[in-house]
Number of protein chains: 2
Amino acid sequence: MAGTRRDEILAIAATLFARRGYHGVSVAELGKACGMSGPALYKHFASKEAVLAEMLVGTSEELLQGGRARARGLTPEEALAALVDWHIDFALRHRALIVVQDRDWSSLPDDAREQVRSLQRRYVELWAKQLRAAHPALRPVEARARVHAAFGLLNSTPHSALLPDEAMRATLREMALGALGVRP
Amino acid sequence: MAGTRRDEILAIAATLFARRGYHGVSVAELGKACGMSGPALYKHFASKEAVLAEMLVGTSEELLQGGRARARGLTPEEALAALVDWHIDFALRHRALIVVQDRDWSSLPDDAREQVRSLQRRYVELWAKQLRAAHPALRPVEARARVHAAFGLLNSTPHSALLPDEAMRATLREMALGALGVRP
DNA sequence: CCGACAGGTTAGCGATCATTAACCTCGGGC
DNA sequence: GCCCGAGGTTAATGATCGCTAACCTGTCGG
């Protein structure tokens with residue numbers, strides 16, 4: 001189903017980009033890490049930017065679609081907890097993608113950047129809708145600001161890998177729900 | 001007292017680095033933004049890396065020293081609230097520095113990177129100590145993890161400038177204290 | 001058998017980068 | 001009156017980058 005070679009390259013590129021930044025990784029270096037050397041990558045991707053684009057668009061799509069699936073048919077508080085769990089789960093499984101997503105999105109070519117921004121906007125809106133349902137006094141713009149701040153908290157995961165995954169999951173869940181004002 | 005020209009360059013560099021990343025800004029471009037052209041910068045700094053180093057070491061020093069000053073002689077809960085306020089204040093006044101600090105620290109030369117890491121570690125420890133005093137059940141590593149997560153929340157400020165500063169300040173304060181489990 | 005194509009290789013091109021070299025030009029202490 | 005250093009300038013250098021060109025090789029359907 002999935003072109004395993006492309007996916008393999010994408011995974012390796014994600015870890016390299018996460019470690020040294022998109023501009024800090026050369027095509028030759030990325031090729032070598034994939035077991036080939038330099039220009040062979042162009043048999044799989046049209047350009048270095050195309051690697052980044054496919055990586056980040058894919059990430060945004062998976063986040064949005066996963067979030068939609070988990071929030072369906074729940075009360076607002078349950079939905080927020082489910083969204084938090086889903087986001088933590090993704091962030092722990094794909095730390096490199098999370099790092100690249102919010103450090104290097106500005107290096108995307110224009111069309112991919114617009115696509116990513118649109119997907120992220122819809123993901124924020126998904127959260128904000130549940131947050132406003134749980135706290136009717138919140139105005140839309142403030143709900144969005146709170147969701148962004150919660151993402152900042154959850155996306156800090158990869159930077160500080162201090163705790164084993166299970167402990168980190170519980171800690172982040174409790175903190176995020178506390179920040180969003182969802183009290184059990 | 002302060003070499004105004006160097007500081008001016010540092011401020012301009014911060015906004016450019018924040019917008020397009022350290023590697024995304026050329027020396028020529030930075031020079032032009034400072035009203036001179038290209039290599040004139042080397043009359044003020046030894047290298048492009050030295051600009052980044054002075055910028056980030058200065059930021060880390062100011063954060064640590066400000067935090068120490070504000071936390072002195074307070075109860076743990078008061079100290080945490082003061083630290084949160086201080087950090088928000090700094091992040092709102094110097095959005096660009098916050099962005100560069102956690103996006104481009106890996107581009108630092110080795111010695112400056114070590115210096116920044118040491119200062120940040122001490123800043124984290126300052127918070128963690130107060131957090132453990134407020135929640136004695138927390139183990140040190142978990143306290144540090146929570147502090148990192150709180151920084152992630154607070155440092156998300158510059159990315160989403162959705163609210164006017166005063167509203168943002170109040171929102172972040174409430175969320176951060178909620179995340180840290182400091183209930184009024 | 002064979003031809004074509006997927007997936008590699010190395011060599012090289014043009015652009016851009018940080019940095020240096022060489023030179024200019026003023027303002028102020030002697 | 002003069003020199004000298006602070007703070008500019010342009011030109012050039014060597015490295016590195018993304019990418020293309022040209023070529024090779026094994027596999028596999030007919």
Side-chain angles (χ1 to χ4, degrees), chain A residues 1-57 100 103-113 116, chain B residues 1-57 100 103-113 116:
Chain A
M1 187 79 71
T4 59
R5 208 66 216 278
R6 283 170 72 92
D7 292 354
E8 190 185 337
I9 293 173
L10 283 171
I12 293 171
T15 74
L16 289 186
F17 291 170
R19 183 147 37 221
R20 299 216 289 284
Y22 172 74
H23 288 295
V25 178
S26 70
V27 171
E29 202 170 355
L30 174 57
K32 176 165 301 184
C34 296
M36 49 185 109
S37 241
L41 287 168
Y42 290 84
K43 302 288 177 174
H44 302 278
F45 292 91
S47 67
K48 189 189 175 192
E49 278 185 341
V51 176
L52 186 67
E54 184 155 329
M55 194 168 96
L56 296 195
V57 170
V100 177
R103 189 221 277 134
D104 290 321
W105 69 270
S106 66
S107 299
L108 285 169
D110 290 352
D111 58 332
R113 183 167 58 243
V116 167
Chain B
M1 185 83 70
T4 57
R5 207 67 218 278
R6 282 171 72 92
D7 293 354
E8 191 185 336
I9 293 172
L10 283 171
I12 294 171
T15 73
L16 289 186
F17 291 169
R19 183 148 36 223
R20 298 214 289 285
Y22 173 73
H23 288 294
V25 178
S26 70
V27 171
E29 202 171 354
L30 174 56
K32 176 164 299 184
C34 296
M36 50 186 107
S37 240
L41 288 168
Y42 289 83
K43 302 289 177 173
H44 301 278
F45 292 91
S47 66
K48 189 189 175 192
E49 278 185 342
V51 177
L52 185 67
E54 183 154 331
M55 194 167 96
L56 296 195
V57 170
V100 178
R103 189 220 276 132
D104 290 321
W105 69 270
S106 67
S107 300
L108 284 170
D110 290 353
D111 59 333
R113 182 168 57 243
V116 167

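Below, chain A is the first sequence line, B the second, and so on; all start at residue 1. It should be emphasised that the depicted structure is a prediction, and the values quoted were computed from it without experimental measurement.
- Minimum atom distance to the side chain of A/Pro39 is reached by D/dT20, of the listed C/dT19, D/dT20, D/dG8.
- We find that CG of B/Leu30 is positioned 16 Å from C1' of D/dG8, with the value rounded to whole Å.
- Atom NZ of B/Lys48 and atom P of C/dT20 are 15 Å apart (whole Å).
- What separates CG of A/Leu41 from C1' of C/dT9 is a distance of 13 Å, to the nearest Å.
- Protein atom CD of A/Glu49 is 11 Å distant from nucleotide atom P of D/dG18, rounded to whole Å.
- Rounding to the nearest 0.5 Å places CG of A/Leu30 at 5.0 Å from CG of A/Leu41.
- Of all heavy-atom pairs between B/Arg113 and B/Leu108, the closest is NH1-O, 2.8 Å.
- Applying the ring pair (Phe, Tyr, Trp, His ring centres under 6.0 Å) test to residues at least two apart or on different chains, the pairs with a partner in residues 20-53 of chain B are B/Phe17-B/Tyr22.
- Look at A/His23 and you won't find any side-chain N or O under 4.0 angstrom from OP1 or OP2 of C/dC17.
- Of all nucleotides listed (C/dT20, C/dA18, D/dT9), C/dA18 comes nearest to the side chain of B/Ser26.
- If you check C/dT19, D/dT9, D/dA21 against the side chain of B/Ala40, the one that comes closest is D/dT9.
- For A/Lys43 against C/dG8, a side-chain-to-base donor-acceptor contact under 3.5 Å is present.
- Atom CZ in A/Phe45 sits roughly 16 Å away from atom P in D/dT20 (whole-Å rounding).
- Heavy-atom nearest nucleotides on DNA chain C were determined for B/Tyr42 and for A/Met36, and the one closer to the 5' end corresponds to A/Met36.
- Atom NZ in A/Lys32 sits roughly 14 Å away from atom P in D/dG18 (whole-Å rounding).
- Taken to the nearest 0.5 Å, the CD atom of A/Glu54 stands 4.0 Å off from the CZ atom of A/Arg6.
- With sequence neighbours excluded, the residues satisfying side chain to side chain contact (heavy atoms under 4.5 Å, CB included) with A/Ser26 are A/Ala28, A/Glu29.
- Residue contacts shown for A/Val51 are absent, as no nucleic acid heavy atom lies under 4.0 Å away.
- Take the nearest nucleotide of DNA chain D for A/Val27 and for B/Ser37: the residue whose nucleotide is more 5' is B/Ser37.
- Note on B/Arg5: a side-chain N or O is less than 4.0 Å away from OP1 or OP2 of D/dG8.
- Note: OH (B/Tyr22) to C1' (C/dC17) measures 11 Å, nearest angstrom.
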